[in-house]
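Below, chain A is the first sequence line, B the second, and so on; all start at residue 1. If you're wondering where the values come from, they're calculated on a predicted model, not measured in any experiment. Both backbone and side-chain heavy atoms feed into the values below; hydrogens, waters and symmetry mates do not.
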There are 2 protein chains.
Amino acid sequence: MTETAPPADASLPAIGVRTTRQRQAILTALTGRTHPMTAQAVHTALTGAGHRIGLSTVYRALHRLAEVGLLHSFEVGGERAYRRCPDTTHQHLLCDKCGLITECPPHLVDAWLTELRATTGFTPHADRIDLHGHCADCTAAAR
Amino acid sequence: MTETAPPADASLPAIGVRTTRQRQAILTALTGRTHPMTAQAVHTALTGAGHRIGLSTVYRALHRLAEVGLLHSFEVGGERAYRRCPDTTHQHLLCDKCGLITECPPHLVDAWLTELRATTGFTPHADRIDLHGHCADCTAAAR
DNA sequence: CTCCGTGCAAAGCATTTGCATCCAT
DNA sequence: ATGGATGCAAATGCTTTGCACGGAG
């Protein structure tokens, strides 16, 4: 398994993306978050924190950063939200209650996907799976 | 598990939905389709076929019909698309190439979901799973 | 020095909503 | 008759785009 642990903030140029104050701010804002953020949310957070950045810049930056793989994007209630990827796993478990996103154990999925493909002929995109449900905490809280 | 096998076109009132010319037209337009349609597409199709129906009516009707379980809705490229449900299975395989939607063999998923839940504590919504990939035909065509 | 990236404001678009009218029950 | 359904048009809200300026490499 190739580790692509996301560089703290740096090495953007290595991926063909210029390092700018705005992009660094966005990456920083997204770092450590388990919940995804929409462009608007990121913009609000940044400007609220004193940063000077345009909304369209946020949209463009998020799009670009997702494109080069530094961010993952999700469809949340008709809006697009982004989160830093903690690892190379692109198989996510989305909690519809609290918004938490966790990684799905790859081995657990891969075997199943193989079976699914063999059985149905359908070739699933193993590198982009979003499964909705309730996270462990919310499940426990509901009891 | 409650059976909600979709009545051909009829018995709308039984579900608490009034039978109107427009809703029947929408259901008819959607019948037999393997690919989902957006509200705009449905509206275009209907008006093109000579029906008199407002766009907002289409939006409202689709929303309502999906609500009562006669339709399934999907997120396709940032737009909402609808399709009649051929059965009670709400586990779909979406082809990102041709747009085809097929049902996923329930038994195949259920076992896996159980395992997933046991392993991670995450409770997946077993009745609403959309898996992206390439359908059998598109997979074959790509070789 | 060259372009990529940014900001601002205008434009795009799918979807929603207000309100008067209409029709299914 | 009565409340849900419809149509039209205006409004909403997220996202994109045009264009000139600024900063990274």
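- When atom types are taken as modelled, the side chain of A/R23 and the backbone of A/R18 share a donor-acceptor pair closer than 3.5 angstrom.
- Taking 4.5 Å as the limit, every side-chain heavy atom of A/L70 sits out of range of all side-chain heavy atoms of A/C85.
- Inspection of the A/H92 and A/D130 side chains reveals an N or O donor paired with an N or O acceptor under 3.5 Å.
- Between the OH atom of B/Y59 and the C1' atom of C/dT15 there is a distance of 5 Å, rounded to whole Å.
- Screening A/H125, A/H72, A/R128 for a side chain to side chain donor-acceptor pair (under 3.5 Å) involving A/H90 leaves a single residue, A/H72.
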### Message
Output one letter per nucleotide in nucleotides 3-9 of chain D: B when a protein non-hydrogen atom lies under 4.0 Å from the base, S when only the sugar-phosphate is that close, - when neither is.
### Response
BBSBBBB

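- Put simply, CD on A/E79 is 13 Å from C1' on D/dT12, counting in whole angstrom units.
- From one end of the helix from C/dC1-D/dG25 to C/dT25-D/dA1 to the other, with five pairs defining each end axis, the axis direction shifts by 40° (rounded to 10°).
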Can you give each donor-acceptor pair under 3.5 Å made by side-chain atoms of residues 52-65 of chain B, sequence neighbours left out, with the distance rounded to 0.1 Å?
{"residue": "B/Y59", "atom": "OH", "partner": "B/Q40", "partner atom": "NE2", "Å": "3.0"}
{"residue": "B/R64", "atom": "NH1", "partner": "B/E67", "partner atom": "OE1", "Å": "2.7"}
{"residue": "B/R64", "atom": "NH2", "partner": "B/G16", "partner atom": "O", "Å": "3.3"}

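- Rounding to whole angstrom units, CD of residue A/Q24 and C1' of C/dT6 are separated by 15 Å.
- Ring centroids of A/F122 and B/H134 are separated by 6.0 Å or more, keeping the two rings apart.
- Note on B/R83 versus B/E103: salt bridge recorded, some NZ/NE/NH1/NH2 to OD/OE distance being below 4.0 Å.
- Taking atom NE2 on A/H43 and atom C1' on C/dT6, their separation rounds to 12 Å, with Å as the unit.
- Around atom CZ of A/R117, no more than 12 heavy atoms belonging to other residues, nucleotides or ligands sit under 6.0 Å away.
- Between the NE2 atom of B/H63 and the P atom of C/dA14 there is a distance of 18 Å, rounded to whole Å.
- At whole-Å resolution of the value, CG in A/L62 and P in D/dC14 are 15 Å apart.
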